[in-house]
Protein chains: 2
Amino acid sequence: MGGGYVTLEQVARHAGVSLATASRVLNGSTRQVGRKLRDRVTASAHELGYLANASAQTLARNTSSLVGLIVHDIADPYFSSIASGVTRSAEDEGLIVVLGTTGRTPQRELELLATLRSHRARAVVLAGSRTVDDESTRRLADEITMFAARGGRVACVSQEGLPADTVVPDNRNGAAELARALVGQGHRRFAILAGPTDLRTARERLDGFHGALAGAGISLAPHDVVHGAFTRDGGYESTRRLLAAGTDATCLFAVNDVMATGAMAALRDAGLRVPRDLSVAGFDDIPTLRDLTPALSTVRLPLEWMGEEAARLALREEAAEAPRVVAVAGEVVLRESTAPPAAD
Amino acid sequence: MGGGYVTLEQVARHAGVSLATASRVLNGSTRQVGRKLRDRVTASAHELGYLANASAQTLARNTSSLVGLIVHDIADPYFSSIASGVTRSAEDEGLIVVLGTTGRTPQRELELLATLRSHRARAVVLAGSRTVDDESTRRLADEITMFAARGGRVACVSQEGLPADTVVPDNRNGAAELARALVGQGHRRFAILAGPTDLRTARERLDGFHGALAGAGISLAPHDVVHGAFTRDGGYESTRRLLAAGTDATCLFAVNDVMATGAMAALRDAGLRVPRDLSVAGFDDIPTLRDLTPALSTVRLPLEWMGEEAARLALREEAAEAPRVVAVAGEVVLRESTAPPAAD
DNA sequence: GCACCCTGGGAAAGTGTTTTCCGAACGGAT
DNA sequence: ATCCGTTCGGAAAACACTTTCCCAGGGTGC
């Protein structure tokens, strides 16, 4: 067949009906079309290889079949898990997803949102947690409001305080329960890879963990809390700094799994054994990382489900008055990377 | 500001110029607009908060700023690495990427291609290797041809034989070199997790490995080649079957890293130590899996680069007469998961 | 047998851009 | 002053649909 470019008009002419009728038959409408004409039109469309022009439809209907997905880095398994859930929801609804990556730049996030708006995207899912920077949060909120003013829907994963529905893990409690479990194993001296100082998620996990320790009468030496990038390499680097400074901790908590992975690598490179010399725990329970040895103790988050649910909030439900918040509890999973401290 | 919906016409009226002039100023054109009017228009646009309607532009220009990316499963780190490269290329060009996932269904692949065509996507990158099923390959080739007939460009990652530019790893040689390296370590008896029988990539790797062994005078018992799914769980399952059947191999080759990961888990669960009891090697060198212990011997493929290059092929270069093929050599990386076999 | 309603077909008016074509103005060369 | 060649602004025609509005025809209720 001779390629694309068959228009609805050609189909209509070929079938001997009006544009209106052809449109009603092929692209759905509230109105019925008589059996006879309907068959003629579908036959013509099939014969000519008609394929609707999506832009023209978007323009005429003033709504598209696009849903945006904004993540920091699609190669990060945390985000790719969420992305997997979002695409599943979207495809269930017959929509197609537009993937934007920010590289963790707030500015880029705004640009992407504007682009999505210009495409009349029906909804957008914002994954990737926010910094506590008020200025950039305010600008993001503005963009979201503009997006919503157009009839678009916005849902977030893991970032409260924006004027949008949100699926948010209970970082504080998850971290607190993890801390209690580790204390239960006998640990008394902890070190924490706390991630970036200004990242909300990192802070909440740190606070939760910290709080639970305080509740157990345990305090942390300041140099046992080390900040760094929220990535595998950030975890590696932070661990090296921790070791260089010297620590007597028996258990190391990294505020996410990818950092914990880096930590385990750094410990291995330093000749330390996990959990014999030092226990390690993370947060998220990234599926791809479940095969690490020793298996990582962590707080399980249903990442794919969270992506699915965020997309569902944005797509299925009507816009609500106030932003809805779906809280997700984490489940502490103790595996081999943590063990009772050696009696010393 | 009051939300969206400012049209170019409103901007033009506000600035006291014609639609044509406003369009030329704001959305680029070959033609110049005088300084004075240009300033008036940009000022009005800014004041009113104008944002071009992308669908209208696509319709008028008959080309969009969308580039498609089709993968089997975005949660698979193999694909998310490629996706990362593709998005980078696309964003460099100011384009936005539409992500489609097939769940390994050839049918879904065709649907996505048609959708992309209906959106007038400028290009599409097809990742995820093909089966040897002639029928579905033929239909995919047809879709690609229709896509190209419209002026769209198509590039593939890891799948030759389609009428499109391709970035393709040298699976055969990579696997052969890996085999030679393992023979060099002293292995003589091998088992292979060969993946699906009909998957081209899996077959090439199997053949390459097999061929190199044959060249070294080594042959494989049929029951030491076990087929299964191309996934982590497929690797786990295949390994269990292998062990259940009994094998005297000293080295296990899985045709990709995620299967090798499953294999290591199965071996661990069976109480076998890697590499002491059995060496294990994979293929791909997935970044996220580099922290496994013992570290996986594998054949390194520059996945992100391959995604970038495929997108570049589709975006930057002119359509060529014959499909271009960019071959990518794999580099054998021996790590701790393989060691000389215990002298028995 | 007549008024009425309901079904379904078509003409035409949007939808927001880009781009072609036309014409006016202006500047420099003669 | 005339002529030609640029340069730049605007009117209007695409672009490929959806949807409103109008109208014809046929069935129903009395």
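Just so it is clear: chains get the letters A, B, ... in the order the sequence lines come, proteins before strands, and each one is counted from 1.
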For A:Asn53 and C:dG16, what is the distance between atoms CG and P respectively, to the nearest whole Å?
16 Å
Closest-nucleotide 5' rank along DNA chain D - winner of B:Ala56 and B:Val33
B:Val33
So, is A:Arg61 near the phosphate of D:dT18, with a side-chain N or O under 4.0 Å from OP1 or OP2?
yes
Are OP1 or OP2 of C:dG16 and a side-chain N or O of B:Gln57 less than 4.0 angstrom apart?
no
When you measure from every atom of DNA chain C, which of residues 11-25 of chain B have a heavy atom less than 4.0 Å away?
B:Leu19, B:Ala20, B:Ser23, B:Arg24
Could you walk me through whether A:Thr21 and A:Ser18 satisfy the side-chain hydrogen bond (donor to acceptor under 3.5 Å, both in side chains) test, starting with their C-alpha distance in whole Å, then the side-chain angles of each, then the deciding distance to 0.1 Å, before giving a yes or no?
CA-CA 5 Å; A:Thr21 302; A:Ser18 76; 3.2 Å; yes
Whole angstrom value for the distance that separates C1' of D:dT18 from CG of A:Leu8
10 Å
Output the distance between atom NZ (B:Lys36) and atom CG (B:Asp39), rounded to the nearest 0.5 Å.
10.5 Å
Taking only side-chain nitrogens and oxygens of B:Asn27, does any of them come within less than 4.0 Å of OP1 or OP2 of C:dT17?
no
Write down the distance between CD (A:Glu9) and P (D:dA16), rounded to a whole number of angstrom.
9 Å
Rounded to 10°, the helix from C:dG1-D:dC30 to C:dT30-D:dA1 deviates from straight, judged by its five-pair end axes, by 40°
How do A:Arg31 and A:Leu51 order along DNA chain D: which one's closest nucleotide is nearer the 5' end?
A:Leu51
Using a heavy-atom cut-off of under 4.0 Å over every strand shown, decide if A:Asn62 touches base, sugar-phosphate, or nothing.
nothing
Check the phosphate of C:dT15 against B:Tyr5, side-chain N and O only, distance under 4.0 Å to OP1 or OP2. Yes or no?
no
Quick one: on DNA chain C, does A:Arg35 or A:Arg120 contact a more 5' nucleotide (nearest heavy atom)?
A:Arg35
Got a sec, which pairs hit salt bridge (Lys or Arg N to Asp or Glu O under 4.0 Å) with one end in residues 74-97 of chain B, sequence neighbours left out?
A:Arg108-B:Glu91, B:Asp76-B:Arg104, B:Arg88-B:Glu304, B:Arg88-B:Glu308, B:Glu93-B:Arg316
